[in-house]
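Below is one structure, written out as structure tokens; the observations come after it.
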Amino acid sequence: MSGQQIKLTDEQQRMLDGTAGEVAQRLMRLLVRLGQVYGADRMVQISSAQISGVSYKSIGDPGLEFLEDVACKGVRVQVQTTLNPAGMDLEDWRSLGFPADFAERQQRIIAAFESMGVVPTATCTPYLAGNRPGRGDHIAWAESSAVSFANSVLGAYTNREGGPSALAAAVCGCTPLHGLHLLENRRPTIRIAVEVELGSRADFGALGIHVGRLVRDGIPYFTGLRAHVDQLKALGAAMAASGAVALYHVEGLTPEADQHEVDTVPTLTVTREEIDEAYRRLNTGGRPDLVCLGCPHASLDEIAEVADRLQGRRVSTPLWVCTSRAVRNSAAELGLVEVIEQAGGRVVADTCMVVAPMERMGVGTTAVDSGKAAHYLPGMCQQQVVFSDWNTLLEEVLS
Ligand code: F3S
């Protein structure tokens, strides 16, 4: 392949010619090909990458063999690169009941990434774990909820990458300039008038599931929405799950909202009945075997909320609060992990209820307050789902 339709820098051309090795050449070819498919005329330098396809449950032996093959050829990433959640807590997997054969393969996947210079953050909230791009930064991220947060809340520029294209961008330091890397493609395509008062993160998850189904890969512009940052995290994750929303705007809230004209785009109205219907559709289970919070991975504020609720109480059903290792460490320093664990819960790092092999761990019904998790658990983990706000879920299992 010549790559003649895409203007490359000298360094990019050298990679394409194979000067940086066979793996870098293959990965640069992939980026050039993607650029040709999407009509890019050049590459753009990126400041960070975030790679998905980390859990052994997701990529299996073929993925593990591919990564070990790439790693043993000495390839290194050129920019700050972080990882999506793994299939288990990388430190406490034994006490949490993860199968040993799964753990052995998962550790090999992490080792392969580490040998390429990737930071094994193992989180879908890299922006809470040291990889936080600024407004206008070009990045190549793959985790759909993180893509949504980076584009919408932080104002960074990224397309929704796949695992291979994010790895290619990390190694080559660039990505094709197309899609959401261009301001003209970041305009709203539909206005969503929210005519219902929302409270909990679950409400925002239900709204996201409903809107994602309606707009698919559109760019919603919300009006009538008041939200704090953790609620936006839940909203974006859900829209990216039921649809393919990679960017949204919220009037008066998100950084690019006031740059766009919305008078000419169509409007959809969301009512209480539609939110209630989203709740009904997501609820498929009865009594939970596990209550699992932290999708996307919990922030320090969210962990503090849970600790506050559990102080001096006991849970009668297993409880996981999923988060990144970085946030767990901060929570431990503040004594929050101890409070949750004294109540019988676990603060689980590096993984989540969807990418962990729950179906092999004796869990048949999972209770969540995340629209995204409720959407994926039936298909990806053969789970029945209880979907409600975290306060209600905890009240039902607290003694
Ligand atoms: Fe993150 Fe897992 Fe949810 S990857 S967004 S906690 S499904």
Side-chain angles (χ1 to χ4, degrees), residues 50-59 82-90 96 98 106 109-110 120-129 131 141-153 160-163 166 201-202 204-206 208-209 212 229-246 282 290-299 302-303 306 319-328 346-359 361 363 366-383 385 387 390:
Q50 202 261 353
I51 294 175
S52 63
V54 178
S55 169
Y56 176 70
K57 172 173 155 172
S58 310
I59 66 173
T82 49
L83 281 186
N84 228 23
M88 63 182 196
D89 187 307
L90 297 169
L96 287 159
F98 285 88
Q106 185 63 69
I109 290 169
I110 297 296
T121 45
T123 182
C124 50
T125 57
Y127 46 86
L128 300 178
N131 183 0
W141 284 16
E143 157 55 33
S144 66
S145 69
V147 165
S148 170
F149 193 92
N151 274 322
S152 313
V153 181
R160 185 166 152 158
E161 302 293 343
R201 281 188 302 275
F204 282 81
I209 291 293
V229 71
D230 287 326
Q231 291 167 331
L232 294 179
K233 172 162 79 74
L235 172 68
M239 286 192 291
S242 64
V245 175
L282 292 169
L290 175 72
V291 176
C292 203
L293 308 176
C295 169
H297 273 172
S299 66
E302 290 172 320
I303 293 177
V306 174
L319 165 70
W320 285 10
V321 182
C322 296
T323 190
S324 62
R325 179 70 51 192
V327 169
R328 190 188 192 282
R346 299 294 300 267
V347 180
V348 177
D350 314 315
T351 190
C352 79
M353 64 296 262
V354 171
V355 299
M358 308 305 290
E359 62 283 7
M361 296 169 69
V363 180
T366 305
V368 294
D369 73 335
S370 159
K372 174 175 176 175
H375 177 81
Y376 280 132
L377 279 166
M380 291 183 67
C381 302
Q382 292 86 57
Q383 297 292 299
V385 171
F387 173 66
W390 68 277

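One-based numbering along the sequence shown. Atoms within each ligand, like the ligands themselves, are counted from 1 in listed order.
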Assess A241 for proximity to ligand 1: is some non-hydrogen atom of it under 4.0 Å away?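 No, A241 has no heavy atoms under 4.0 Å from ligand 1.
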Only one of Q383, K57, Q382 clears side chain to side chain donor-acceptor pair (under 3.5 Å) with E359; which?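 Of the listed options, the one satisfying the test is K57.
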Please give me the minimum heavy-atom distance between [X] and [Y], naming the atom from each residue.
X	Y	answer
H297	C352	NE2-CB, 4.2 Å
S52	G162	OG-C, 4.3 Å
S370	C295	OG-SG, 3.1 Å
L83	P120	CD1-CA, 4.0 Å

Can you sort out which atoms of ligand 1 are near G294, meaning under 4.0 Å from one of its heavy atoms?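 Atoms satisfying the 4.0 Å criterion: 6 (S).
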Return the set of protein N, O or S atoms whose distance to atom 1 (Fe) of ligand 1 is under 2.8 Å, each given as residue and atom.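 Short answer, with waters excluded from the count: C124 SG.
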For a side chain to side chain donor-acceptor pair (under 3.5 Å) check, start with the C-alpha distance between T121 and T123, then their side-chain angles and the critical distance, and finish with the verdict. CA-CA 6 Å; T121 45; T123 182; over 6 Å; no
Between N151 (side chain) and A246 (backbone), is there a donor-acceptor pair under 3.5 Å?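 Yes, N151 side chain to A246 backbone: donor-acceptor pair under 3.5 Å.
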